[in-house]
Amino acid sequence: METVLSGIRPTGNLHLGNYFGALKNFVKMQHENNCFFFIADYHSLTTHPKPEDLQGNVRQVLSEYLAAGLDPEVATIYIQSDVPEVAELYLLLNMNAYLGELERTTTFKEKARQQSENINAGLLTYAVLMASDILLHNAHKVPVGKDQEQHLEMTRKFARRFNQMYGVNYFNEPSAYNFGEQLIKIPGLNGTGKMSKSEGNGIYLFDDPKEIQKKVMRAVTDSGPTVKNQEMAEPIKNIFSLLEVVSKPDTVSFFREKYNNCEIRYGDLKKQLAEDIIHFTTPIRERIIEISSNDEYLRKVARMGAEKARASASKTIKDVREIIGFKPF
Ligand code: ADP
Ligand code: TRP
């Protein structure tokens with residue numbers, strides 16, 4: 001069985017894009033692989049969050065992943081800072097990471113531009129910490145989006161460099177986990193582009209019904225088709241894409257037919273979409289509320305995850321220390 005590892009930045013609530021584009025696949029994947037899911041709270045320190053915000057975000061993200069179906073009995077779900085072994089591997093890998101290559105990292109250059117008043121060393125070595133997360137469990141596969149591919153490439157480079165330096169074949173070179181056909185992109189409802197936190201067009205799993213209704217009723221449309229089987233403009237396609245993931249096939253074909261016959265009323269379409277999103281998110285939202293207020297359960301999940309993760313991590317650290325030449329007297 002392959003080891004798959006996924007890191008999640010604790011940046012607040014999850015939207016439908018995160019759910020259908022990632023989380024839903026993770027829920028399935030956990031039964032087919034040896035999965036590690038962790039919340040990257042060390043990574044989030046590069047932006048200097050307030051302690052209460054950091055804590056709140058970790059609680060929220062953990063609760064949302066559990067509510068959506070990640071199972072702590074099946075996968076190893078942990079919080080990065082509960083496994084301090086990663087900090088040691090990070091220190092060791094930093095000795096073989098060169099300033100030039102770190103400065104050339106696309107995400108570093110981007111962040112340095114965005115937060116020019118806070119270009120800290122953690123930001124520069126972000127990829128080294130990410131490589132440490134992955135190599136700590138010698139993961140074979142890592143599900144990553146396009147923006148993280150370069151970090152995975154650097155992880156392979158660090159693994160190779162370590163192996164060559166010490167003449168061992170210790171670290172795997174991890175590759176991207178490919179969801180293949182199943183990968184879908186969820187659009188926003190503001191006309192163009194994908195649903196994204198930074199675009200401000202997210203419909204969140206945690207949104208209440210009123211909020212969802214408001215967001216969907218505001219969706220961009222056009223003046224309607226004027227000839228039969230008219231090609232849909234992008235905003236309309238986007239509404240149908242969302243309908244396809246949350247509604248019954250009958251509902252989708254009903255509205256498609258209406259569109260093709262120029263009989264569509266966008267108000268009805270939006271009302272149906274809002275209703276079906278609410279129907280889908282309500283049970284998840286209820287579980288999020290229940291889980292996030294259950295400290296005892298969250299503590300138990302975090303403890304279980306940390307135990308499993310540390311068992312795997314401490315073995316790696318012990319091996320790496322020996323390879324490097326730290327020998328106990
Ligand atoms: P955001 O920028 O909106 O917070 P991230 O870029 O952090 O989202 O993405 C987290 C995960 O969710 C990634 O695996 C990404 O591929 C997935 N994801 C985010 N938005 C979408 C979307 N609109 N459609 C499909 N998948 C998405
Ligand atoms: N860098 C990832 C992101 O921004 C989060 C992350 C940290 C990660 N460590 C990881 C992802 C290890 C995969 C594997 O989304």
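All ligand and atom numbering here is 1-based and tracks the order in the structure.
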K.L.:
Is it the side chain, the backbone, both or neither of I184 that has a heavy atom closer than 4.0 Å to ligand 1?
P.N.:
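Within the 4.0 Å criterion, I184 contacts ligand 1 through backbone atoms alone.
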K.L.:
Looking at the rings of Y166 and F162, which for Trp means the six-membered one, are their centres under 6.0 Å apart?
P.N.:
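Yes, the ring of Y166 comes within the 6.0 Å limit of the ring of F162, centre to centre.
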K.L.:
With a 3.5 Å distance limit and no angle check, can you tell me whether K141 reaches the backbone of V4 through a side-chain donor-acceptor pair?
P.N.:
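Checking the backbone N and O of V4 against the side chain of K141, no donor-acceptor pair under 3.5 Å is found.
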K.L.:
State the atoms of ligand 2, each with its element, that fall below the 4.0 Å cut-off from a heavy-atom position in V142.
P.N.:
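Under 4.0 Å from V142, ligand 2 has these atoms: 13 (C), 14 (C).
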K.L.:
Hey, mind stepping through H151 and T107 against side chain to side chain contact (heavy atoms under 4.5 Å, CB included) and telling me if it holds?
P.N.:
CA-CA 9 Å; H151 292 159; T107 49; 2.7 Å; yes
K.L.:
What protein heavy atom sits nearest atom 8 (C) of ligand 2, and how far off is it?
P.N.:
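I find the closest protein heavy atom is G7 CA, 3.6 Å.
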K.L.:
Any N or O of M195 that comes nearer than 3.5 Å to an N or O of ligand 1?
P.N.:
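By distance alone, the answer is yes.
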K.L.:
Hey, does the side chain of Q30 reach the backbone of V27 with a donor-acceptor pair shorter than 3.5 angstrom?
P.N.:
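Checking the backbone N and O of V27 against the side chain of Q30, a donor-acceptor pair under 3.5 Å is found.
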K.L.:
For atom 2 (O) of ligand 1, state whether the nearest protein heavy atom is under 4.0 Å away.
P.N.:
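Yes, because at least one protein heavy atom sits under 4.0 Å from atom 2 (O) of ligand 1.
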K.L.:
At a 4.0 Å threshold, what atoms of ligand 1 neighbour a non-hydrogen atom of S196?
P.N.:
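Counting from 1, the qualifying ligand atoms are 2 (O), 3 (O).
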K.L.:
Does atom NE2 (H279) have a neighbourhood of more than 12 heavy atoms from anything else shown, all under 6.0 Å?
P.N.:
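Check fails, neighbour count at 12 or below.
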K.L.:
To the nearest 0.1 Å, how far is atom 24 (N) of ligand 1 from its closest protein heavy atom, and which atom is that?
P.N.:
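Minimum-distance protein heavy atom for atom 24 (N) of ligand 1 reads I186 N, 2.8 Å.
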K.L.:
Measure the distance from atom 3 (C) of ligand 2 to every protein heavy atom, then report the residue, atom name and distance (to 0.1 Å) of the closest one.
P.N.:
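Closest protein heavy atom to atom 3 (C) of ligand 2: R9 NE, 3.3 Å.
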K.L.:
Given the side-chain rings of H137 and F38, with only the six-membered ring counted for Trp, is the space between their centroids under 6.0 Å?
P.N.:
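Here the rings of F38 and H137 have centres that are no less than 6.0 Å from each other.
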K.L.:
Check whether the ring centres of F26 and F37 lie less than 6.0 Å apart, and answer yes or no.
P.N.:
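For F26 and F37, the ring centres are under 6.0 Å apart.
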K.L.:
Could you tell me the residue and atom name of the protein heavy atom closest to atom 14 (C) of ligand 2, and the distance to it rounded to 0.1 Å?
P.N.:
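Nearest neighbour among protein heavy atoms for atom 14 (C) of ligand 2, to 0.1 Å: L5 CD2, 3.5 Å.
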K.L.:
R9 heavy atoms, cut-off 4.0 Å: which ligand 1 atoms fall inside?
P.N.:
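Contacts of ligand 1 toward R9, numbered from 1: 7 (O).
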K.L.:
Should one rank P143, G21, G17, G12 by closest heavy-atom distance to atom 18 (N) of ligand 1, which comes out on top?
P.N.:
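Answer by nearest heavy atom: G17.
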K.L.:
Does atom NZ of K215 have more than 12 heavy-atom neighbours, drawn from other residues, nucleotides or ligands, at distances under 6.0 Å?
P.N.:
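Atom NZ in K215 is crowded, with more than 12 foreign heavy atoms closer than 6.0 Å.
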K.L.:
Do ligand 1 and G145 have nitrogen or oxygen atoms that lie under 3.5 Å from each other?
P.N.:
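Among all N and O atoms of G145, none is under 3.5 Å from an N or O of ligand 1.
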K.L.:
Give a yes or no on this: more than 12 heavy atoms of other residues, nucleotides or ligands lie within 6.0 Å of atom CZ of R265.
P.N.:
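Counting neighbours around CZ of R265, 12 or fewer heavy atoms of other residues, nucleotides or ligands fall under 6.0 Å, so no.
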K.L.:
Heavy-atom count check: over 12 atoms from other residues, nucleotides or ligands less than 6.0 Å from K24 NZ?
P.N.:
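Check fails, neighbour count at 12 or below.
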K.L.:
To check your reading of the model: name the closest protein heavy atom to atom 2 (C) of ligand 2, its residue, and the distance in Å.
P.N.:
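Heavy-atom neighbour on the protein nearest atom 2 (C) of ligand 2: Q148 OE1, 3.3 Å.
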K.L.:
Can you find a protein heavy atom closer to atom 26 (N) of ligand 1 than 4.0 Å?
P.N.:
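Yes, because at least one protein heavy atom sits under 4.0 Å from atom 26 (N) of ligand 1.
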K.L.:
Using distance alone, decide if ligand 2 has a nitrogen or oxygen within less than 3.5 Å of any nitrogen or oxygen in D133.
P.N.:
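Checking ligand 2 against D133, an N or O pair does fall under 3.5 Å apart.
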K.L.:
For ligand 1, which atoms, with element, lie under 4.0 Å from some heavy atom of H15?
P.N.:
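Per the distance check, 1 (P), 3 (O), 19 (C), 20 (N).
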K.L.:
Examine K197 against ligand 1 and note whether any of their N/O atoms are separated by less than 3.5 Å.
P.N.:
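Yes: some nitrogen or oxygen of K197 is under 3.5 Å from one in ligand 1.
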K.L.:
Can you find an N or O of N18 that's nearer than 3.5 Å to an N or O of ligand 1?
P.N.:
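The answer is yes, given that N18 and ligand 1 share an N or O pair closer than 3.5 Å.
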K.L.:
Counting only heavy atoms from other residues, nucleotides and ligands, does the tally under 6.0 Å from CD of E322 exceed 12?
P.N.:
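It does: E322 CD has more than 12 such atoms within range.
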K.L.:
Just which atoms of ligand 2 are under 4.0 Å from any heavy atom in F38?
P.N.:
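Counting atoms of ligand 2 from 1, those under 4.0 Å from F38 are 9 (N), 10 (C), 12 (C).
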K.L.:
Does A22 reach ligand 1 with a nitrogen or oxygen that is under 3.5 Å from one of the ligand's nitrogen or oxygen atoms?
P.N.:
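It does not: no N or O of A22 is found under 3.5 Å from an N or O of ligand 1.
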